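All values reported here derive from a predicted model rather than from experimental measurement.
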Amino acid sequence: MRERILSALILAPLLILAVALGPKEVLLGILVLVAVLAQRELLMLTTGRSPWILVLLGVLPLLGAWRGPLVLLLGTVMALLGSCLYSLSRSELQVGFKTFVLFGFGLLYISLPLAFLLMIRDLPDGLKWLLALVLGIWCGDSAALFAGRIWGRRPLAPRISPKKTI
């Protein structure tokens, strides 16, 4: 727990400074890195493998959001088509379909919300809203960690996250 607290005390202020003071390209770089890591982890947890082509296709919505809503839509459609072609041509139909569906879930759960963060930044007072969101998530996550340590008894999902409690 000490490592998590120290990393949060160092990484969270750096992230906030990068988002608040850096150009939009810094935010894009951070979000692309997060998308790559999260897509990779989701695919590893659900399929046991994470083909780099799928991980990189998961970044297309972010790159599209960089240019606007229509390009975001185009990037998302291209990512889905690319993942469909890759998934269904690489393995037997049942495995390929499962990979495609899980990738689509990753787009909805990971890539699109991160892409929307880029678009929030472009709104009037978008930077303030973005910082409020980051701070709110940071505070909520920290509160959940400490509440779980104090009151949590029963493990939630010991195979996935052994120390997370109900």
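Between the CG atom of L88 and the CZ atom of F100 there is a distance of 7.0 Å, given to the nearest 0.5 Å. The CG atom of L108 sits 9.0 Å away from atom OG1 of T76, with the distance rounded to the nearest 0.5 Å. If you take CG on L31 and CG on L63, they are separated by 11.0 Å, rounding to the nearest 0.5 Å. To the nearest 0.5 angstrom, L45 atom CG is 10.5 Å from R40 atom CZ. Atoms CZ and OG1, from F103 and T46 in turn, are 12.0 Å apart once rounded to the nearest 0.5 Å. Atom CG of residue L85 and atom CD1 of residue I53 lie 10.5 Å apart, to the nearest 0.5 angstrom.
Partner of V55 under the side-chain contact (heavy atoms from CB on, under 4.5 Å) criterion, out of L37, L42, V36: V36 alone. Partner L27 forms a side-chain contact (heavy atoms from CB on, under 4.5 Å) with one of V32, L127, L118 and no other, that one being L118.
Criterion: ILVMFWY side-chain heavy atoms under 4.5 Å apart, direct or through other members. Under it, L28 and L56 are not part of a common hydrophobic cluster. L73 and L114 sit in two unconnected hydrophobic clusters of ILVMFWY residues. Membership requires side-chain heavy atoms under 4.5 Å apart, directly or through other members. Connection of V59 to V26 is established within a shared hydrophobic cluster, with ILVMFWY side chains joined at heavy-atom distances below 4.5 Å, either directly or through further cluster members. No single ILVMFWY cluster, assembled from side-chain heavy atoms under 4.5 Å apart, contains both L33 and I110.
Across all non-hydrogen atoms, the minimal contact from M119 to G68 is CE-C, 4.4 Å. Annotation for A79 and L107: closest pair CB-CD1, 4.1 Å, computed over non-hydrogen atoms. Pairing each heavy atom of L117 with each of L130, the nearest pair is CD2-CD1, 3.6 Å. Contact detail for P23 and R121: the closest heavy-atom pair is O-NH1, 3.9 Å. Residues L112 and P61 share a closest heavy-atom pair of CD2-CB, 4.1 Å. Shown here for S87 and T99, the closest heavy-atom pair between the two residues is OG-CG2, 3.6 Å.
Checked by atom type and distance alone, the side chain of S83 pairs as donor or acceptor with a backbone atom of L80 at under 3.5 Å. Not a single donor-acceptor pair under 3.5 Å links the side chain of T47 to the backbone N or O of M44.
In this structure, L57 and M78 have side chains that are not in contact, with every pair of non-hydrogen atoms separated by 4.5 Å or more. In this structure the side chain of L54 reaches within 4.5 angstrom of the side chain of Y86, judged on heavy atoms. Looking at heavy atoms from C-beta onward, L70 lies out of side-chain contact with L74 at the 4.5 angstrom threshold.
Judged as a salt bridge (charged side-chain N to carboxylate O under 4.0 Å, His left out), and not counting sequence neighbours, K98 has no contacts.
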Practice task
Decide yes or no on side chain to side chain contact (heavy atoms under 4.5 Å, CB included) for L72 and W66, but give the supporting numbers first.
Solution key: CA-CA 8 Å; L72 166 64; W66 176 255; over 6 Å; no
Exercise for the section: Assess whether side chain to side chain donor-acceptor pair (under 3.5 Å) is satisfied between Q39 and S111, documenting all intermediate values. Expected result: CA-CA 8 Å; Q39 283 280 6; S111 299; 3.1 Å; yes
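Within 6.0 Å of atom CD1 in I150, more than 12 heavy atoms from other residues, nucleotides or ligands are found, so the atom counts as buried in its surroundings. With a 6.0 Å radius and a threshold of 12 heavy atoms from other residues, nucleotides or ligands, K24 has its NZ atom above the threshold.
Using the six-membered ring where Trp is involved, F105 and Y109 have ring planes that are parallel, under 30° apart on the 30 and 60° scheme.
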